[in-house]
Structures are given as structure tokens and as C-alpha cells.
Amino acid sequence: MSKQELETTAQAMVAKGKGILAIDESLPTIKKRFDSIGIDSTEGNRRAYRDLLITNPGGNHYISGMILFDETIRQSSNNGRPFPQVLIDQDIMPGIKVDAGAKNLAGHPGEKISEGLDGLRERLAEYRELGARFAKWRAVITIGDRIPTTGCIEANAHALARYAALCQEASLVPMVEPEVLMDADNTITRCYEVTEATLKTLFYELYRQRVTLEHTILKVNMVISGKKCPVQAGIQEVADQTVQCLLNNVPASLPGIVFLSGGQSPELATAHLNAMNAGYHNLPWPLSFSYGRALQEPCLKAWAGKVKNADIAREALLHREKCNSLACLGKYSGDMEQAA
Ligand code: 13P
């Protein structure tokens, strides 16, 4: 892929009114999701569920790319066609999660480092052969008593930058994801501080590793109150703080920024994205979505592991995709939920 193609891919990922569907849950995470609907996490059930998500008619109006898991990129649809090909047939770009998970960071109680750099060059070459056009690496930053530490932020930013450089060498667009978790009792102000420190360090490391920003997508948390914080910031405040934090810390040359949902309800994740796009015009980058749970939750519940529920499950997914597509344009309204 030429430099021009990397740029085109990155821009297509955040094309107007389109976003990314993350279906790259690791084996332990998909087991948790399947436990919630009482089905076993077998290879067959995982393939059947992902088939439903990948082959949803009409999804390509709202979805530019899907992030797959290592197992999924090697599986095939009900008609025998490999999943990456099924996506390309629909003009949806296949992506792949390439970090090997967040492990305890030695010497840093309560903090994590994402592993997976060893052998990454070879794995990226194989994924590209299998059809991947972009890759994702998630780093986890935890807020707590005297954490995050600078040591943790720097170690994760360095790994993200090493991964991003390898992706560009392999002609894959890196989606760099530093996720400040929203599970604690911190205020939105604390989330702002930690997100800012993380982004500043990340872009410094990307520079040090000679990563081309024009060929990179940022996937990040919103600036938001911790789930256990007694005072929850409202929709407009989340939008304002998030946009301000991004304006202060993300270079304008980046082709786009997408958000993770991080445990927000599907409706709230959509409302936050909409408030940003409705309230702020002429930002340097498009703001879009790369949600996992906030797109999948209603679909997963409706499906419940039963073939007979496939149609309502697909409808539930399409509804969330459409709402988030409208949120990218600042044209979503809560009334669309009642109509569903
Ligand atoms: P959530 O939207 O469920 O947070 O997941 C997105 C994702 O891909 C995290 O890496």
C-alpha cells in the first residue's frame, strides 16, 4: 500500500456519517458477554454471533470498518466466504485487534501494560494478507489512589508508538487507543487531567517513533465522570470537556478521532457524540464512534443465542448504527429511541 493509500484508508474510516463497529472481544471478554445472555462461549456460538453482526444488510450505510479478533479474521460466514471478504464485498474495511491484552505492570500495583510487541511484525504481515486494512492496540489507564503513575502512562504510550510504527511499515493504518477507564469514583475534572497527561505523552512518543500522524487514527475515551462518582456531569459538560481536551492535546493533522463507549449506556454514548458534533463545527478532525458495547448490547440481548431471533437482533444493531451515524452529523435526537 502506498502512502496515499494509507491516507485514503484513514480518511475512509472516518468518512462523513460513518464509524467503526468493534467486535474484537478477546476470549475472556466475549465469555463475559455470552454469560450475560446465558449461552456458552464455544467457537461455533462466537462464529454465529459475529456472522450476524458482519452480514447485517444496510449496516454499510453507517459503518466504515469493523475490528475483528484473531479468531474471527480466520472464520467464515454461513455461506463459506471468509469474514474479511464478506466485509470487503460490502465496502466495509476489515480491522484487527493486535495487542495481546493488558497485564499487571511490574512495580506498579493496580496498573496495567498492554503486551504483544514481540513477533508483531510477522503477525501484521499475516493479517494484511488475510485482508486487514487497519489495526487496533488498546492501552488501559486506571484512575485511583495515586494512580495513574507517569511510569505507567509512559510505558503504555511507548508501546502504542512502537506498535503504530510497525503498522505503518506493514501498510496498515494504526488505530491507537489509550483508554482512561471510567469505572472509578473520580470527578470529570480528574478524568480531564489524566486524559490530558495521557494524550500529551502519547503524541510525544508517536513523534519519537516517527509515526506519520496523517496515517493514524486516535481512539479515545470521552472526558466523563467516573461511574461511581456521586456527581455525574451532564451531556453538554461531557461534550465541552472532551472537545476542549482534544483541542488542547491532539495535533490537527490527524485524519480523525473515534470514541470508545467504555461502559456508557448505548443511548448516552450516542447523546454525548451528538452533543459534540451539534455544538462544535469546524473542528480540525471528524469526531466519530468505534463502539463495542454501546452498539452491540441491544443486539446481543435480542439475539440471546437463538436463530429465530436473528431478525430482531439485526434490527436492534442497525438502529444503534443509524443513531450513531446521525450523531456524527449532530442530527440525532432522543425521540429516535422511542420510535425504535
Ligand atoms: P467499548 O465501546 O465496549 O468500550 O469497546 C470498544 C473497544 O474496542 C475497546 O477497545
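Whatever order the structure lists them in is the order used to number ligands and atoms, beginning at 1.
Listed by number with element, the atoms of ligand 1 under 4.0 Å from a non-hydrogen atom of Gly262 are 1 (P), 2 (O), 4 (O). Of all atoms in ligand 1, listed by their number and element, those nearer than 4.0 Å to a heavy atom of Tyr291 are 2 (O). Close approach of ligand 1 to Lys136 is summarised as follows: ligand atoms under 4.0 Å from at least one heavy atom of the residue are 7 (C), 8 (O), 9 (C), 10 (O). Per-residue contacts place Ser290 under 4.0 angstrom from the following atoms of ligand 1 (heavy atoms of the residue considered): 6 (C). Close approach to Lys219 involves these atoms of ligand 1, each under 4.0 Å from a residue heavy atom: 6 (C), 7 (C), 8 (O). Set against the non-hydrogen atoms of Ser261, the atoms of ligand 1 under 4.0 Å away are 1 (P), 2 (O), 3 (O), 4 (O). Against a heavy-atom cut-off of under 4.0 Å, Arg293 is close to the following atoms of ligand 1: 1 (P), 2 (O), 3 (O), 4 (O). With ligand atoms numbered from 1 in the order given, ligand 1 contributes 8 (O) to contacts under 4.0 Å with heavy atoms of Ala22.
If you run side-chain contact (heavy atoms from CB on, under 4.5 Å) between Val220 and each of Val250, Thr242, Leu199, only Leu199 comes through. Considering Tyr291, Tyr49, Trp303 in turn, Tyr49 is the only one that fulfils the side chain to side chain donor-acceptor pair (under 3.5 Å) rule with Gln296. Of the residues listed (Thr198, Ile141, Ile113), the one engaging Cys152 in a side-chain contact (heavy atoms from CB on, under 4.5 Å) is Ile141, and it is the only one.
Between the side chain of Asn309 and the backbone N or O of Ala302 there is at least one donor-acceptor pair closer than 3.5 Å. At distances below 3.5 Å, at least one donor-acceptor pair connects side-chain atoms of His108 with backbone N or O atoms of Ala106.
Residue-to-ligand polar distances keep Glu179 apart from ligand 1: every N/O pair is separated by 3.5 Å or more. Between Glu177 and ligand 1, at least one N/O pair is under 3.5 Å apart.
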Practice problem: Apply the test salt bridge (Lys or Arg N to Asp or Glu O under 4.0 Å) to residues Glu126 and Arg121: give CA-CA distance (whole Å), side-chain angles for both, the deciding distance (0.1 Å), then the verdict. | Solution: CA-CA 9 Å; Glu126 189 197 5; Arg121 176 176 276 126; over 6 Å; no
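With hydrogens left out, the protein atom closest to atom 5 (O) of ligand 1 is Gly292 N, 3.6 Å, a heavy atom.
Ion pairing between Glu25 and Arg50 holds under the 4.0 Å rule for side-chain N and carboxylate O. Ion pairing of Asp24 with Lys97 is present here, as a side-chain N (NZ or NE/NH1/NH2) and a carboxylate O approach within less than 4.0 Å.
Ligand 1 lies nowhere less than 4.0 angstrom from a heavy atom belonging to Ala269.
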